[in-house]
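Have a look at the structure below, then the notes.
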Number of protein chains: 2
Amino acid sequence: MARTQGSHSEITGPKLREAARSLFARYGYAAVSMRQIAAEVGVQAGALYNYIPDKQSLLFDLMKTHMDELLIAYDGHMRDGAPIDQLKQFVGFHIRYHAERPEAVFIAYMELRNLDPGNFAQIEALRRNYEARLEEILKAGVESSAFQVPDTRIAAMALIAMLNGVNTWFREGGRLSMAEIETLHWDMVRKGVLA
Amino acid sequence: MARTQGSHSEITGPKLREAARSLFARYGYAAVSMRQIAAEVGVQAGALYNYIPDKQSLLFDLMKTHMDELLIAYDGHMRDGAPIDQLKQFVGFHIRYHAERPEAVFIAYMELRNLDPGNFAQIEALRRNYEARLEEILKAGVESSAFQVPDTRIAAMALIAMLNGVNTWFREGGRLSMAEIETLHWDMVRKGVLA
DNA sequence: GTCTATATTACGATAGAC
DNA sequence: GTCTATCGTAATATAGAC
């Protein structure tokens with residue numbers, strides 16, 4: 001510690017993203033200054049521009065990376081099975097994956113309006129992509145008569161909204177464990193879509 | 001029009017709140033300047049301080065008023081009945097009331113982190129108050145064996161999260177009417193809690 | 001009650017030394 | 001790659017004229 005000058009490209013880059021993720025999640029993109037981020041990283045504000053062209057790119061990078069990783073993780077996690085099994089996998093994956101990275105999740109849906117139009121369109125496309133994967137499960141369940149869902153699009157959005165709710169209040173060490181919360185939600189989801 | 005000076009206390013006050021509500025909802029509290037609000041109202045920025053002590057008070061006033069009115073409207077809307085009927089009333093009330101004032105709703109849950117600590121505590125108390133009313137319905141239903149809900153607190157939060165989801169995508173004139181959306185959600189809620 | 005003008009502070013971003 | 005210093009702009013809020 002205590003070195004105030006010198007080259008640190010391999011650590012400053014990641015630290016910059018971590019600091020921005022933490023601060024944006026807590027105070028919001030518009031309320032956080034480049035100077036605050038720099039202080040958290042341990043450099044002066046000007047030094048940040050060796051890593052990013054501007055503040056907007058930093059926000060976009062965080063959101064794009066989060067969505068890309070979400071889709072990759074989802075595809076790696078899912079196994080074949082009946083619609084009811086796939087739905088259970090989705091619920092478990094969604095709750096746990098999001099609970100493990102609350103900051104990125106929070107930013108991804110609170111800061112959409114602070115994205116430039118072109119950036120917004122890209123993130124929106126990824127979000128719809130994820131939503132569509134749940135809808136496909138619901139559609140398959142309706143076709144096999146396992147589910148009774150009058151409108152799979154609405155149901156997919158409603159279920160994701162419900163599952164996202166966990167992220168607004170869950171804290172490690174609270175009254176319920178993550179596993180219990182998962183069970184309780186799966187119970188409601190299952191009953192809600194079953195024929 | 002075209003009068004650029006003079007007294008307008010009876011219209012400027014409400015116009016100020018309307019402008020702030022609209023701009024905060026669209027761009028976020030931190031991203032909106034007093035000058036922007038003043039331009040929307042049709043006065044200079046300094047004139048706004050005849051109506052509010054500072055920007056923070058303006059945000060708090062919008063959120064406090066919204067929550068107060070929500071609770072009053074809820075109490076005026078609810079009628080006695082079996083838990084299942086009360087739950088249906090809650091779902092209908094919540095979806096419609098929130099759909100009618102999307103800006104205030106959006107602000108009420110996106111701008112919580114921009115409230116000063118004392119203001120935050122007040123709004124949080126009102127929000128928990130509203131949530132508790134749904135939980136009471138669920139508890140009554142469990143006691144009468146009409147509902148099977150293992151954890152009424154979690155279920156209340158999950159259901160409200162699901163219903164709030166409507167506000168993030170509903171637009172008048174879309175594929176589905178408000179009544180259809182209400183029916184679809186009631187269908188899921190009902191099945192999700194029934195014994 | 002609103003205006004113009006301004007005090008004070010902070011912002012994002014850049015330039016040039018090391 | 002990071003520093004110090006700074007450019008140009010804009011923020012909240014206030015003062016005093018009308």
Tell me which nucleotide among [options] gets nearest to the side chain of [X].
X	options	answer
B/N50	D/dC3, D/dA11, C/dG1	C/dG1
B/Y51	C/dG1, C/dA13, C/dC3	C/dG1
A/K55	C/dG12, D/dA13, C/dT2	C/dG12
A/Y49	C/dC11, D/dT2, C/dA13	C/dA13
B/A47	C/dT2, C/dA13, D/dT4	C/dT2
A/R35	C/dG1, D/dT2, C/dG12	C/dG12

Check the phosphate of [N] against [X], side-chain N and O only, distance under 4.0 Å to OP1 or OP2. Yes or no?
X	N	result
B/T12	C/dG1	no
A/S33	C/dC11	yes
A/Q44	D/dT2	no

Could you give the [atom1]-to-[atom2] distance, from [X] to [N], as a whole number of Å?
X	N	atom1	atom2	result
B/E10	C/dT2	CD	C1'	16 Å
A/D116	C/dG12	CG	C1'	14 Å
A/Q56	C/dC11	CD	C1'	16 Å
B/I37	D/dA11	CD1	C1'	12 Å
A/Y27	C/dC11	OH	P	14 Å
B/K15	C/dG1	NZ	C1'	14 Å
B/L48	C/dG1	CG	P	13 Å
B/M34	C/dT2	CE	C1'	15 Å

- Any Lys/Arg nitrogen of A/R101 or A/E69 sitting under 4.0 Å from an Asp/Glu carboxylate oxygen of the other? no
- A/D85/A/R79 ion pair, N-O < 4.0 Å: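 So A/D85 does not pair with A/R79 through a salt bridge.
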- Taking the nucleotide of DNA chain C with the closest heavy atom to each, which residue, A/G46 or A/A31, is nearer the 5' end? A/A31
- Geometric cation-pi criterion, A/R21 with A/F24: 6.0 Å, 45°: no
- Under the 6.0 Å and 45° cation-pi test, does A/R96 pair with A/F93?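 Judged by the rule (NZ or CZ under 6.0 Å from the ring centre, within 45° of its axis), A/R96 is not positioned above A/F93.
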- Task: Determine, step by step, whether B/F120 and B/F60 satisfy the ring pair (Phe, Tyr, Trp, His ring centres under 6.0 Å) criterion, reporting the C-alpha distance in whole Å, the side-chain angles of both residues, the deciding distance to 0.1 Å, and the verdict.
- Result: CA-CA 8 Å; B/F120 175 78; B/F60 176 66; over 10 Å; no
- Item | Sugar-phosphate, base or nothing in reach of B/V32, heavy atoms under 4.0 Å | sugar-phosphate
